[in-house]
Amino acid sequence: MSDEDTVEVAAGTPDRPQPFAELGLTKQEYEKIRHLLGRRPTAAELALYSVMWSEHCSYKSSKVHLRQLAPGEQQSEALLAGIGANAGVVDIGQGYAVTFKIESHNHPSFVEPHQGAATGVGGIVRDILAMGARPVAVMDALRFGPADAHDTARVLPGVVSGISFYGNCLGLPNIGGELAFDPCYAGNPLVNALCVGVMRHHDLKAAVATGPGNKVVLFGSRTGPDGVGGASVLASATFEGAGGEGKAAKRPSVQVGDPFMEKLLVECCLELYASGLIEGIQDLGAAGVACATTELSAGGSGGMRVTLDDVPLRDPTLSPAEILMSESQERMMAVVTPANVRAFLEVCARWDVEATVIGEVTGDGMLTMTWRGGTVVSIPPETAADGPVYQRPMARPADLDALQAGTPDGLDRPKDGQGLRAALLALLGSPDLADKSWVTAQYDRYVRGDTVLAMPEDGGLLRVDERTNLGIALATDGNGRYCRLDPYLGTRLALSEAYRNVAMTGARPVAVTNCMNFGSPEDPAVMWQLAEAVRGLADGCRELGIPVTGGNVSLYNQTGSNAIHPTPVIGVLGVHEDVRRRLGAGFTTDGARLVLLGTTGEEFGGSAWAHVLHAHLGGRPPAPDLPSERRLATLIAQAAAAGLLSAAHDLSDGGLAIALAESCLSGGRGCRVSLNGDPFAGLFSESPARAVVCVSPGREPEFAALCEANEVPATVLGTTGGEALAVEGAFDIPVAELRKVWEGTLPALFG
Amino acid sequence: MRIGVVTFPGSLDDTDAARAVRYAGAEPVRLWHADRDLRRVDAVILPGGFSYGDYLRCGAIARFSPVMAELIPAARAGLPVLGICNGFQILCEAHLLPGALTRNAGLRFITRDVRLTVGNATTPWTGGYHAGQQLLVPLKSGEGAYAADQATLDELEAAGRVVVRYAGEAPNGAARGIAGICSDDGNVVGLMPHPEHAIDPLTGPSADGLGFFTSVVRAFAGAAAATEAEAGALR
Amino acid sequence: MATVIVDVMLKPEIHDPQGEAVLGASHRLGFGNVTAVRQGKRFELEIDGPADGAALAAVEELARELLANPVIEEFSLHPAD
Amino acid sequence: MATVIVDVMLKPEIHDPQGEAVLGASHRLGFGNVTAVRQGKRFELEIDGPADGAALAAVEELARELLANPVIEEFSLHPAD
Ligand SMILES: Nc1ncnc2c1ncn2[C@@H]1O[C@H](COP(=O)(O)OP(=O)(O)O)[C@@H](O)[C@H]1O
Ligand SMILES: [Mg+2]
C-alpha cells in the first residue's frame, strides 16, 4: 500500500497539520485552498498551490497596479498578443511578428552568480520559444553593489560568465544591455535578461490545452530535485520521519543550466512547429510541471489528467510534490493530437530530446494527477492559476520630502576649464560610464549573422529579412537614482531613454516590455513606489502611443529593511525599415557638422555628476518630455532614411560631455565644439529628449529644414575631426587620454 | 560548386557559413551529423558553435559522429575542408590537423575583431589572398589558444602551414600567434577567427573574410577547367 | 616540497550536464557498461615543505575558499603518493 | 557496480592558464607556500559489474579515445576506494 497523501487520505484526515507557512502561504491563503477544495489539500496539491500562489507566479501584490498597463486602442494596433501571454507579440510588417520580454533572475544570481544568471537567460528564451518564435537575440540589464566591493568581485564576474556561457552556447547574439553599480544593490544584484524572437504571423502559438483526448507531452531534460528545497518540508511533515527526513536533506536550491539541451530544444520545437505537430505549448519555468499543467488546462477547453509516474526523473526518489515543484531547466510541455504523437516523438528523437506522454486533455474541467494508482491532485485548475489578489497598503516614503528638498543646487561646481575637464574625466572613468567591454567582450554578438548594431551603440539592431532589409532595434534602460527621487518621473525617464536609444538607430519605436525590480511589497513605501512606477509607465506609453506587451515583477529585493532603489527596467522595441540606413554613435568622418537636438535646462537631480563627484542624491530628477521624445524620434528616422546623417547619439547619464566623449571614442576621432551659455550646464545637465548628430556634408540645409518641420530645436555645436575633444574656451582632451581613462576602469577592478 | 556545411548538435554558425557560401556564388548543401553521407559535395565546412555543448573538450564528441567517419577519409584523399572555430577544434580532435585548441590565456570568452596576416595563400581556401595580406575578422571563442609541441610548431612553420597569424599579440595566448593552419597538402584548413562573419560590412567588421569562400570556388572552377581541358585533350 | 591533490566534484544532488554528455558519448562509442559519469576538477598543488597537518589544513582552507564553490561543489584532498 | 576514477591532466609542457590563475589567487589570499598549481579533470565512472581487469582495460580505452586528448593531456585511472 502506498503511504502517499491521496485525495482519499486527505478527505479522511481533515485535521492533519500541514506546513503551509513553510511553503510561503499565509493562514488565510491556506484556509482559502481548503475552502476551494471542500477538504484539506493533499501534500501535492499544497505544493502546487504554494508555487502557483507565490508572488513570483501569481503577481498577487502587483496585479491591481499592472491593470493600468492594458493598452488603449490607438496603442494596440500592432499587437497580436499582449500581456498575459508568455510574451507579447507585435506585428512589424511584411508578414513578420516579433515577440520580446525581459525577466529577472535576481535572487538566484546572488546565491550562485554563474548558474543563476545562466538559467535566467535559459528561462526567458523558453518564454519566447513558447510563443512560436525563433529566439534571435538576448540582452542583459545588470546592477551590482559598489564596483569596488568585495562581494561585487564575486557576483559580477560570475553573472557575466553565466550569461556568456549560456547565451553564447545557445547561439544567440547579445546585442546590448546595461551595467550599473550602487550600494543599494549590494546583497541584491539585479540580473534582468531580455530575449527577442521572430516568427511569421501564422506561427503564433497559444499556451492552451484544448481537445479532449489530446495527449500531453513533457519533453527536454529529465526532472530532478532542482530548486525543490521548499518541498522538502512536505516530505518531513507528511511522513513524520518515516524515511522522509534523510530524503529531505539533499535538495538543492540551485538549478544548473544546460545550454546545449536548450539549443536542441529550440531546434526541436521549431521543427515541431514547422511540421504542424503542436496544438498548444508551454515552457516550464518557475513552478515547473505544476505551473505548466495548471496554465495549459486553465487556458484550455476542459481539464487534464496526468500520470505523474510517467514523468522521466533524474532522481527516482522524488515525491509527487517535488516533481510538481521541481525547477529543472530546459523542459517544455506540449499538447498533441493522438494522430501526431508518433511524428512528434520522431522529431524529438532526431534532436536527441527525450519526450514522454504524461497525460491527456479531458473535458471534465478538473486537473487530476495520479501517482502509484492513487489520485494525488484533483482541483479545478483555474483556482490555482488565478491566485489571490492583494490591495496592499501604500504610503509615500517618509524620507522622500527630505530627499527631494536636498537639491544639488548647493554642490560645488567646476569653476574653470580645468575643473570642467577634470569633471568630464572623472565621470568617464566612473564604473557606470566607463567602457563596458570587460563585460560585453565575453558575449558573442555576431552569431546568426544578422547583427547590424550592438554594444557600444545606443540600441541593438538586427536584420530580420535579408531581402528587404527590414530590421528591429532594441534597448533597455533604467535609472534607480531618478526613481528613488520620484518613481513616477523616473519610470517615464527610463521609458523615454530606451525609446530614444532605439530611435537613434533610425528605427521607429513600437512596443515596450518591462521588469519591475522593487523591495518588499509588505513595506507600504515600496508598494507606493511600485504603484507610482506603473502609473508612470502607463501614462508614458499612452503619451508615446505604444503598448506595453509584457513584463515581469521582481519583489523582495531587499536586505533587512533596506530596499533597493525602485528600479523599473524598460525595454523598447523598434522597427527599422532598412537596416542599411542605420545610424551609429561614432564620429566616423572628419569635418562633419555637429548639431545638438533638443533643449538643455539645468537638471542635476539624480545626475551622474552629483553622484560621481559628490556622492549626492537629492532634489527632483529631470522633467521627462515625451512629446519632444516623439518628435526627436520622428526626426531621426526621417533623416536617417533620407541619408542626411552619419551619426546620432542620445544624451543621457553625464549629459553632452559624456555623449561627445563616447562618440569620439567610438569613431576614433575628436571634435571641436563651442557652447552658448553656462558651459557646466551645457556639458553635464541631463535634460532628456536630446541627441547629438553628425550631418552629412552638403545636406545641412535639408536637415535644418527637417528639424524645423518636426519642431525639434537644433543648435550647431561645431565639427568633427582632430585628435582631441575640444570645447572652445574650456579644454582640449586628446582622444587617447579619454580612451585611457574610459578603458582602464573595469579591467582595473575585475582583472 | 556544391559546398557542404555540417550541422552537429550545438552547431551555431552553420547558417552563417551557408550564407557565406552563397555570397561566394556556390551552392550550400546542409549535411547532418548523424548521416554517413557527404551528398557528393565538392568541399565541406565544419562551422563554429558548441557541438555537444563543448562539454568534455571542444570538438571531442563531435569527432565521433557518423558524418565524420565519411569526412575523415575524404579529407585525407584531398577534399577541401574548412574548419572554423569549433570546426577547427573538431579537425584537431580528429587528427586531420595537428595540435589542439586550449583555454584562452585570460580564461574568459573573447569576442573581438582581430587583424590577421595571411601566411599561406596557396591553399584552396586562401588562394584569392596574397601572402602578407592583412584581414580584419571577428574572433569569438573561449578555447582558442592553439597549442602543440615545439617540434610540431617548427614543422608547421618550416612547411609554411601557418595559414593565418594574429597580427600583433595573440589575444588568447595562441602559440606563436597561430590563428589557423593547414594539412600537409593544404586542402584541410582550420582557423579560430570567423571569416563567415566578415562577408559584409553591414553585419561584420569588414568583408575581408569572403576571400576564403571565393577562393575555394575559384580553385574548384580552375580544377574543373583543368579536368575539362584534360578530357578535351583525350577526345 | 610536497604535492597535495584536491578533488572537486559537483554535489551529488546537483545536475551535471557535462557528465551526462560524456555518458551519452561513451554509449555511442560502444562503452555500454558505463552507467553514470560525473565530471569534476582535480588540482595538483605543490607546497613548500612537507604535507603535514598544518599544510593540509591550509590547503583545506584554500579549497574551501577558492577551489570549490561550496554552494554546488564538495571537495576532498590528500597528499600525492 | 563499481566506480572507476579517471584523472586527466595537461602534459607538463603544455601551458596551464587555469592553474596559473589559481596560483596567483592563492597568493593574493595569503597562501604563500603554494608554489605551483596544475588544474585538470576528474571523471567518476560507474560501471556495471566489478572493476576487474577487463573493465579497467575498457575504461582505459575510453579514456584514451574520449576522455583525454593525447596531444595535450595524459591520464591515469584507478578503481574508487
Ligand atoms: N550588461 C550588458 N550587456 C550587454 N551590453 C551592455 C551591457 N551593459 C552595457 N551594454 C551596452 O554598452 C553600451 C553602453 O551602455 P550605456 O552607456 O548604458 O548605454 P545608454 O546610455 O545608451 O543606454 C550600450 O550599447 C549597451 O547596450
Ligand atoms: Mg544611449
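Keep in mind that the numbers below use all heavy atoms, side chains included, and drop hydrogens, waters and symmetry copies. In what follows, chains are A, B, ... by sequence order, proteins preceding strands, each numbered from 1. Here the structure is a predicted model, which is why all the values come from computation and not from measurement.
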Chain D interface, residue from C:S26, C:G49, C:A55, C:A25 that has the most non-hydrogen pairs under 4.5 Å: C:S26
Under 3.5 Å donor-acceptor, C:T35 side chain and D:E46 backbone: yes
D:E61 portion near chain C, given a 4.5 angstrom heavy-atom threshold: both
Top contributor to chain C interface from D:G40, D:G32, D:G19, D:G30 [non-hydrogen pairs under 4.5 Å]: D:G40
Proximity breakdown for C:I5 and chain D, heavy-atom pairs closer than 4.5 Å: neither
Sub-4.5 Å side-chain heavy-atom contact between D:K41 and C:Q39: yes
From D:D16 atom CG to C:E44 atom CD, the distance as rounded to the nearest 0.5 Å: 10.0 Å
Max heavy-atom pair count under 4.5 Å with chain D, selected residue of C:V59, C:V37, C:D7: C:D7
Region of D:F43 in contact with chain C, defined by heavy-atom distances below 4.5 Å: both
Toward chain D, the part of C:L29 with a non-hydrogen atom under 4.5 Å: side chain
Distance in Å, C:F31 CZ paired with D:I47 CD1, rounded so as to fall on 0.5 Å steps: 12.0 Å
Heavy-atom pairs under 4.5 Å with chain C, option from D:D48, D:V34, D:L62, D:L66 with the top count: D:L62
